[in-house]
Protein chains: 2
Amino acid sequence: MRGVVKLTKVLENGRQQVVGLQFAPDFLGRLFGRQNAVTAEAASDVELCEVPRAAFERLVAEYPQLEHRLFGQILRELDEARDWMVTLGQKTASEKVASLLYLIAGHIDPSTGPETRDSTEFDLPLSRIDIAEFLGLTIETVSRQITKLRADQVISVVANRHVTVPSLNRLKARCG
Amino acid sequence: MRGVVKLTKVLENGRQQVVGLQFAPDFLGRLFGRQNAVTAEAASDVELCEVPRAAFERLVAEYPQLEHRLFGQILRELDEARDWMVTLGQKTASEKVASLLYLIAGHIDPSTGPETRDSTEFDLPLSRIDIAEFLGLTIETVSRQITKLRADQVISVVANRHVTVPSLNRLKARCG
DNA sequence: CGCTAGCTTGATCGAAGTCAATCACCGTGG
DNA sequence: CCACGGTGATTGACTTCGATCAAGCTAGCG
């Protein structure tokens, strides 16, 4: 209902990768008892609506339209995962950081009104560690790239978490 | 029905990322006229069964069970995409190459019988360029890592394409 | 006050990228 | 049959980007 949840996977040796962010009001959970689960963790304060698995699955089985809507969301998640694969595989560190900021800016904004504004601001739901794990970088590299973006006036940051973007297009231009 | 298809995405500047491989007998195509498409390209000789979009969508709308099966496949693809994000984000070059070989070994094998064998062999459906684009590496790095895997007796390669894996477990151990 | 957690900054190192040469394999045409 | 060019893969020398190691800095809090 509110907030940001991060989905992560770990490798035996402790390396960890954030594989997705879910913003309200997405559905969260494994359908059809599938394995290979990810770990879900609140990244900000969250408020959520819990439904017992059995009841939910009965509901889904009974109303194909509900399944259809869930299908739509999963398809969107698949597209986002693939977009992110491009970012992870092909972009430089600074492009990665810019891309993540751009992604968050686009999703977190509660004012879903006339999205014509070029400037925006938001609170980062992720720590530097989370960001590094999402981007496949170290926190030091993330920090340096944020510093650089700040030096180039692409963003400004107060209290390490609150980000102001004077021009989303300028930020987008940094995404590669 | 037969063969391997690769799904790719490109970045304006020409950088390209393979975001998925589809092995027979997967369904291939965009459901529900979604945007944000990927490019599908045959990676080996393929044989496929084409269905007109309109007829197919009518069929899906009419038989929820069909939609349910497609849902299952997409869920699997999402899991695979997320697994691959971990590989792209956290693994070293040689782990990436080993992971790709392991992935292909697991999917391409037509003998879906008693999968207890620890050794296998197959023809790579991908060129070095494709592999590099899948892994977010350069062809030179891919080549060096393959050479190293060969030197360490984890695989042997003939004619650049035919790969023999004496021990899948040994290969898996190289995946990180 | 000092302590801790999270972030930034600097110095150095190493894995992978870049540039370039060579090789192996083919199909084509003289 | 063999020279020729073309494509894809390998190998080597060098460079670079991001990781690692190591201090500081800042803010919140007991």
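As the structure is a computational prediction, the values presented were derived from the model and not from experiment. Reminder, nothing fancy here: chain letters follow the sequence lines and each chain counts from 1.
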If you compare every side-chain N and O of [X] against the phosphate oxygens of [N] (OP1, OP2), does one of them come in below 4.0 Å?
X	N	answer
Thr138(A)	dA19(D)	yes
Thr141(B)	dG17(C)	yes
Ser127(A)	dG6(C)	no

Say whether Val157(A) and Leu137(A) are linked into one hydrophobic cluster, either directly or through other cluster members, by side-chain heavy-atom distances under 4.5 angstrom.
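Yes, because Val157(A) and Leu137(A) connect within a single hydrophobic cluster, where side-chain heavy atoms sit under 4.5 Å apart.
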Mind calculating the distance between [atom1] ([X]) and [atom2] ([N]) to the nearest angstrom?
X	N	atom1	atom2	value
Ile139(B)	dA16(C)	CD1	P	16 Å
Arg128(B)	dT11(D)	CZ	C1'	14 Å
Arg161(A)	dA5(C)	CZ	C1'	12 Å
Lys91(B)	dA16(C)	NZ	C1'	18 Å
Lys148(B)	dT10(D)	NZ	C1'	14 Å
Gln90(A)	dG18(D)	CD	P	13 Å
Gln145(A)	dC17(D)	CD	P	11 Å
Leu137(B)	dG17(C)	CG	C1'	10 Å

Answer with base, sugar-phosphate or nothing: what part of the nucleic acid does Ser143(A) contact at a heavy-atom distance below 4.0 Å?
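Result for Ser143(A) = base.
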Donor/acceptor link under 3.5 angstrom from Arg144(B) side chain onto base of dG12(D):
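Side chain to base: pair found, below 3.5 Å.
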Considering only heavy atoms and no angle criterion, is a donor-acceptor pair shorter than 3.5 Å present between the side chain of Glu140(A) and the base of dC21(D)?
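Yes.
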Output yes when a side-chain donor or acceptor of Asp118(A) lies under 3.5 Å from a complementary backbone atom of Ser167(A), and no otherwise.
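The answer is no, because no donor-acceptor pair under 3.5 Å joins these two groups.
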Exam field: side chain Gln90(A) to backbone Thr87(A), donor-acceptor pair closer than 3.5 Å:
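Side chain of Gln90(A) to backbone of Thr87(A): no pair is present.
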Looking at Glu133(A) and Arg128(A), is there a salt bridge between them, counting it only when a charged N and a carboxylate O are closer than 4.0 Å?
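No.
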Below 30° counts as parallel, above 60° as perpendicular, anything between as tilted: where do the rings of Phe27(A) and Phe56(A) land?
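Taking Phe56(A) first and then Phe27(A), their aromatic rings lie parallel (interplane angle under 30°).
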From the list dG18(D), dT8(C), dA16(C), which nucleotide is the closest neighbour of the side chain of Thr147(A)?
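The answer is dT8(C).
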